[in-house]
Visitor: 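Next up is a structure, given as structure tokens.
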2 protein chains.
Amino acid sequence: MKLITRNTDYALRALCYISKHKTVVTVDELVEKLGVPHSFMRKILQQLNKKEILSSFKGQGGGFKLKIPPARIYVIGIMRIFQGQIELSSCFLKKDVCPNKGKCALRKKLRLIEKNMFMRLKRITIASLV
Amino acid sequence: MKLITRNTDYALRALCYISKHKTVVTVDELVEKLGVPHSFMRKILQQLNKKEILSSFKGQGGGFKLKIPPARIYVIGIMRIFQGQIELSSCFLKKDVCPNKGKCALRKKLRLIEKNMFMRLKRITIASLV
DNA sequence: ATAAATGATACCACAATAGTATCATTTGTC
DNA sequence: GACAAATGATACTATTGTGGTATCATTTAT
Ligand code: FES
Ligand code: FES
């Protein structure tokens with residue numbers, strides 16, 4: 001089981017690379033430098049653009065650049081874009097609301113671990129990686 | 001994204017239930033108490049038996065009981081049985097061994113978080129849940 | 001002998017992951 | 001204006017993982 005998927009991983013690498021360049025970066029350039037499939041890289045950058053982490057520029061001379069400073073791009077945020085809400089502690093007993101909730105020892109302990117993990121993940125930014 | 005899957009979850013519940021009973025417990029009993037599908041529960045218990053966490057007894061009057069004390073059954077171990085090796089920090093760059101390994105800032109930070117998480121998960125045992 | 005239990009194994013449906021492919025649109029350059 | 005170079009939008013596909021079901025074989029208490 002992987003906690004970080006390929007698209008998250010590639011997104012992080014791309015963001016690191018882009019953050020080191022003042023000028024716009026094209027998909028072609030990223031594909032060449034990172035060795036990631038072209039279409040896949042493109043889709044990932046488009047998603048980051050929609051989430052307002054990147055700005056895009058169409059046409060000749062176009063490409064992508066960061067829309068927000070690298071110190072404000074958190075790994076946990078990128079994970080959530082590509083992997084959805086991450087949770088240790090959802091209850092599978094009974095469909096809707098668990099009657100045992102609040103009393104459940106497992107959930108309590110897992111929630112603590114989860115909180116700690118999120119806190120640590122929040123401290124990793126693109127700025128801290130380059 | 002879920003960090004704990006259904007089979008892990010059901011396995012933990014089943015182990016908790018079994019640990020509270022001195023006599024053997026049948027699949028039917030667990031199914032009734034936990035509201036889990038019969039075949040699914042059976043498969044899960046068979047896997048726990050293979051991993052030597054449960055002992056099984058065939059024939060009439062048979063069922064399952066713990067093979068090792070509840071204080072030595074760790075949540076992380078059960079997760080690994082049903083979800084495989086859990087890793088934050090596998091590298092997706094280049095198929096085999098990453099040339100950048102050792103220098104990669106992301107992996108270093110993730111490995112730290114991972115270690116901390118494992119340490120905490122290791123402290124949760126079936127005994128600590130019941 | 002039979003019924004009650006697990007063992008082994010194979011199968012299936014659905015969702016998530018990891019992509020690919022194509023047409024549309026924008027824009028700088030000749 | 002034509003064209004090429006870039007992204008936008010969207011739809012499709014392939015593989016793997018998750019969440020099961022089903023069936024036949026084997027063991028064992030009664
Ligand atoms: S049993 Fe539902 S939250 Fe633990
Ligand atoms: S780039 Fe390979 S381990 Fe970070």
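Chain letters run A, B, ... following the sequence lines, proteins first, then strands; residues in each count from 1.
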Visitor: At 4.0 Å (heavy atoms only), tell me whether A/Thr5 reaches a base, stays on the sugar-phosphate, or touches nothing.
Guide: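 If one applies the 4.0 Å heavy-atom cut-off, A/Thr5 turns out to touch the sugar-phosphate alone, with no base involved.
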
Visitor: Between A/Ile4 (CD1) and C/dA16 (P), how many Å, whole number?
Guide: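 Rounded to whole Å, this separation is 19 Å.
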
Visitor: Could you give the CD1-to-P distance, from B/Ile86 to D/dG17, as a whole number of Å?
Guide: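 Taking CD1 of B/Ile86 and P of D/dG17, I get 14 Å after rounding.
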
Visitor: Check the phosphate of D/dA5 against A/Thr26, side-chain N and O only, distance under 4.0 Å to OP1 or OP2. Yes or no?
Guide: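 For A/Thr26, the contact criterion (side-chain N or O under 4.0 Å from OP1 or OP2 of D/dA5) is not met.
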
Visitor: Are B/Arg80 and B/Phe118 in a cation-pi setup, meaning NZ or CZ lies under 6.0 angstrom from the ring centre and within 45 degrees of the ring axis?
Guide: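 That pair qualifies as a cation-pi contact.
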
Visitor: Using a 4.0 Å heavy-atom cut-off across all strands, classify B/Ser39 as base, sugar-phosphate, or nothing.
Guide: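 Base contact - B/Ser39 has a heavy atom under 4.0 Å of at least one base atom.
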
Visitor: Using whole Å, what does the distance between atom P of nucleotide C/dA4 and atom CZ of B/Phe64 come to?
Guide: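 It works out to 17 Å between those atoms.
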
Visitor: Ignoring hydrogens and angles, state whether a donor on the side chain of B/Asp28 or B/Thr26 is under 3.5 Å from an acceptor on the partner side chain.
Guide: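 Absent: no donor and acceptor within the cut-off.
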
Visitor: Examine the side chains of B/Tyr17 and B/Arg13 and answer whether a donor and an acceptor come within less than 3.5 Å of each other.
Guide: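 On atom types as modelled, these side chains do not qualify, holding no pair under 3.5 Å.
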
Visitor: At a cut-off of 3.5 Å, list every protein nitrogen or oxygen paired with a nitrogen or oxygen from nucleotides 9-12 of chain D, distance to 0.1 Å.
Guide:
| from | atom 1 | to | atom 2 | distance (Å) |
| --- | --- | --- | --- | --- |
| D/dA9 | N7 | A/Gln46 | OE1 | 3.2 |

Visitor: Tell me the interatomic distance from B/Arg6, atom CZ, to C/dA15, atom P, rounded to whole angstroms.
Guide: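 Whole-Å distance recorded here is 12 Å.
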
Visitor: Between A/Ser56 and D/dG8, is there a contact of a side-chain N or O with OP1 or OP2 at under 4.0 Å?
Guide: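 Checking A/Ser56 against D/dG8: at least one side-chain N or O falls below 4.0 Å of OP1 or OP2.
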
Visitor: Please check if B/Val24 and B/Met41 belong to a single hydrophobic cluster, counting links between Ile, Leu, Val, Met, Phe, Trp and Tyr side chain heavy atoms closer than 4.5 Å.
Guide: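 No; B/Met41 is not reachable from B/Val24 via cluster members.
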
Visitor: N/O contacts under 3.5 Å, protein versus nucleotides 27-30 of chain C?
Guide:
| from | atom 1 | to | atom 2 | distance (Å) |
| --- | --- | --- | --- | --- |
| C/dG28 | N3 | A/Gln60 | OE1 | 3.4 |
| C/dT29 | O4' | A/Gln60 | OE1 | 3.3 |

Visitor: Taking NZ, NE, NH1 and NH2 as the nitrogens, is one of them in A/Asp9 or B/Arg107 under 4.0 Å from a carboxylate oxygen of the other?
Guide: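 Between B/Arg107 and A/Asp9 there is a salt bridge, with a charged N closer than 4.0 Å to a carboxylate O.
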
Visitor: Where each residue is assigned the nucleotide of DNA chain D containing its nearest heavy atom, which of A/Met1 and A/His38 is assigned the position nearer the 5′ end?
Guide: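 Nearer the 5' end of the strand: A/His38.
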
Visitor: Over how many whole Å does the gap from B/Ile44 atom CD1 to D/dT18 atom P extend?
Guide: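 The answer, rounded to whole Å, is 13 Å.
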
